[in-house]
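A short worksheet on the structure shown next.
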Number of protein chains: 2
Amino acid sequence: MESSHRNLTHQLVHDLGRKITEGIYSVGGRLPSEADLCVQFNISRTATREAVKMLTAKGLISSRPRQGITVADFKHWNLFDADVLNWILLGRPDLYLLRHFLQLRLAIEAEAAYLAAQNASEDDLINIENALIRMKDATTGQDDTHEADIEFHQSVISATNNPFFKQLINFITTALKVNIRFTNRMIAVTEDEYQAHVEIFEFIKNGNSQAAFDAAMVTQRATIALVDAQIVALENKS
Amino acid sequence: MESSHRNLTHQLVHDLGRKITEGIYSVGGRLPSEADLCVQFNISRTATREAVKMLTAKGLISSRPRQGITVADFKHWNLFDADVLNWILLGRPDLYLLRHFLQLRLAIEAEAAYLAAQNASEDDLINIENALIRMKDATTGQDDTHEADIEFHQSVISATNNPFFKQLINFITTALKVNIRFTNRMIAVTEDEYQAHVEIFEFIKNGNSQAAFDAAMVTQRATIALVDAQIVALENKS
DNA sequence: CAATAGTATTTATAATACAATTAAAGAAAT
DNA sequence: ATTTCTTTAATTGTATTATAAATACTATTG
């Protein structure tokens, strides 16, 4: 169990964060007052208030005198905060949300390939190539499939040398992990998929940004199509 | 002066946030200890600690016993947090950062146009059209140029009906405001620009997602080219 | 020299008291 | 009855003090 965190404050942050994102405390609704939280969790008001402040900073709640602690509207949630994202995705597995997730991932990764082709340093290229080698090994079962895949995408985004894109690496990584869980593709990377990644790498290496963009786009739209198909199948069942 | 915030805790958050993003406290370096902050700002340890927790939640700092409060590595900063983003952009105007910003904006807005073409509701289309009307008025000086432009982009992103994209509206808005400040285009929207936006709208309305994507992409790359030109000019001077 | 124990510094937590804010109830006025 | 004002009470905001826990640094010891 990963639930035991650094300290009392962080434990409470995690606990409430999960409950909010799971909908146990629903949007617009109220959390227990500070005093109640102290009793429920048997901790001091100091620790409680610090947890409340942290969740406020992440956009999940707001607290005002006499009104108490209310769950903020979803649009205020900091979806790009690593904690918030994990709470949402790990707690509420949902194909529709996954599709929304992948749509953003597509937007980011295609342009990342474009920018990588323009800006990748020698080291960046080596990193991408190393990930490819791991993928190759994964096709024959000698390395971990997911990790190699994740490493490839991470190294491409990193090669953009754009801080905003780099910040999204965690976001993408989480997306991939959830994606893998949902599509149940625990199987090995196929030769075709490997080749598609090699192609993207070649374009990046040659500085052919538009081709890298297009190639990444094709791969991404294919992934979304997979999820769309699953959604259609699910909707036909019901 | 916008510096007087809701309460002492938030004031300190704002103050330290600005100082960190401006580099007054540099990455890897240390902030004053809790005790020192109490003295410097003449507030209680309670308020100080709460501020520290909020900044920790935003990824700007980390604090550990005996070690004190240290400025976290840039990659941990929550760039998509509205506060952090504002502190960075308003405090440190930088053409290179602006370019990085626009590169991400391009990625998001092009795909947003694509998704809007697929998912826009009747209301969404009305909102976009209203923004266009404002832009038209702006070309003849009857409405505010920036606001109309911002409203257009906001309504397109909103029409994706994708929560992740919608969360980025604030991000884009900030980008546009900074962009306007930097490029000094305080002038009216030109007829050409207006027509480009109308074109995107038409594609969205007709559900022609690929065309909407391409049209948005062209507009965005043109904007980036403008900034690139400014950067080149600047580098030639020095 | 290396491992160990001790020390001091800093954050973490607790407990208590009071202040400030504000929603809701009640009173007064029209 | 409706509005306006006042009061009340619930809840967060701030301050203070005390103690615990964590850990970088120092000293000791074998």
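Reminder, nothing fancy here: chain letters follow the sequence lines and each chain counts from 1. Keep in mind that this is a model prediction, so the values were computed, not measured.
The minimum heavy-atom distance linking B/Ile69 with B/Ser63 is given by the pair CG1-CB, 3.9 Å. Of all the heavy atoms in A/Glu151 and A/Asn130, the pair that sits closest is OE2-C, 4.3 Å.
Expressed to the nearest 0.5 Å, how far NZ of B/Lys19 lies from CG of B/Leu31 amounts to 9.5 Å. Here the CD atom belonging to A/Gln118 is positioned 11.0 Å from the CG atom belonging to A/Asn162, to the nearest 0.5 angstrom. Note that CG of B/Leu234 is 6.0 Å distant from OH of B/Tyr96, once rounded to the nearest 0.5 Å.
Rounded to whole Å, atom C1' of D/dT23 lies 14 Å from atom CZ of A/Arg6. For A/Asn7 and C/dT11, the CG to P distance is 14 Å, given to the nearest whole Å. The distance between atom CZ of B/Arg49 and atom C1' of C/dT10, rounded to the nearest whole Å, is 10 Å. Rounded to whole angstrom, the span from the CD atom of A/Glu50 across to the P atom of D/dT12 amounts to 16 Å. Rounding to whole angstrom units, CZ of residue A/Phe41 and P of C/dT13 are separated by 14 Å.
Taking 3.5 Å as the limit, the base of D/dA24 and the side chain of B/Arg66 contain a donor-acceptor pair of atoms between them.
Side-chain N or O atoms of B/Arg64 include none that pairs as donor or acceptor with a backbone N or O of B/Thr70 at under 3.5 Å. For the pair A/Asn119 (side chain) and A/Leu115 (backbone), a donor-acceptor distance under 3.5 Å is present. Remark: side-chain polar atoms of B/Ser158 are not paired, donor with acceptor, to backbone N or O of B/Gln154 under 3.5 angstrom.
With DNA chain C read from its 5' end, the first of the two nearest nucleotides for A/Asn42 and A/Gln67 is the one closest to A/Asn42.
A side-chain contact (heavy atoms from CB on, under 4.5 Å) with B/Phe80 is found for one member of A/Leu79, A/Asp81, A/Leu168 and no other, namely A/Leu168.
Contact check for B/Val52 versus B/Leu55: no side-chain heavy atoms found under the 4.5 Å cut-off.
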Please tabulate, one pair per line, each protein N/O and nucleotide N/O from nucleotides 15-20 of chain C that are separated by under 3.5 Å, including the distance.
{"from": "C/dA17", "atom 1": "N6", "to": "A/Arg45", "atom 2": "NH1", "distance (Å)": "3.4"}

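Aromatic ring pairs are classed by plane angle as parallel below 30°, tilted from 30° to 60° and perpendicular above 60°; the pair A/Phe101 and A/Phe171 is parallel.
At D/dT14, one or more side-chain N or O atoms of B/Thr9 fall inside 4.0 Å of OP1 or OP2 (strictly under the cut-off).
Within residues 51-64 of chain A, the residues having any heavy atom closer than 4.0 Å to DNA chain D are, in order of number, A/Lys53, A/Ser63, A/Arg64. Residues from residues 26-39 of chain B lying near DNA chain C, meaning a heavy-atom separation below 4.0 Å, are B/Ser33, B/Glu34 in numerical order.
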